[in-house]
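Only heavy atoms go into these numbers, but all of them, side chains included; no hydrogens, no water, no symmetry mates.
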Amino acid sequence: MRASYDQKPYRKIMIETFGGVIHPSPSDLTAAGRAVLAKDPDSPGSLGIAISEAVEVAAQNADTNYALGSVLNHVLLH
């Protein structure tokens, strides 16, 4: 979510160090994000919005998976 993205810049650096790309949520990259931004362009986001965007992206891309539980150990392994 946008608030977490802004508050934790070192997570972004770590993700980018390993070749990842990170986008704040809500974003204009998904229908869910665009709907939120249309109602509130300054939305700080929420976990629910971020999950909606992640699931939308995963459902539209055959080479993408969604792992529930970003604070659990199995996610850190990936």
Can you pull out every salt bridge (Lys or Arg N to Asp or Glu O under 4.0 Å) where at least one residue sits in residues 56-69? Sequence neighbours excluded, please. none

Any side chain to side chain donor-acceptor pair (under 3.5 Å) pairs touching residues 35-44, not counting sequence neighbours? none

Can you give the donor-acceptor pairs under 3.5 Å from side chains of residues 5-15 to other protein atoms, not counting sequence neighbours?
residue	atom	partner	partner atom	Å
Y5	OH	K12	NZ	3.3
D6	OD1	R2	NH1	3.4

Consider only side-chain heavy atoms of I, L, V, M, F, W and Y, link residues closer than 4.5 Å, and tell whether I49 and Y66 are in one cluster.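 Different hydrophobic clusters.
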
Exercise answer: donor-acceptor pairs, residues 22-37 side-chain atoms, under 3.5 Å, sequence neighbours excluded:
residue	atom	partner	partner atom	Å
S25	OG	E53	OE1	2.4
S27	OG	L29	N	3.2
S27	OG	E53	OE2	2.7
T30	OG1	G33	N	2.9
T30	OG1	E53	OE2	2.5
R34	NH1	D28	O	2.9
R34	NH1	T30	O	3.4

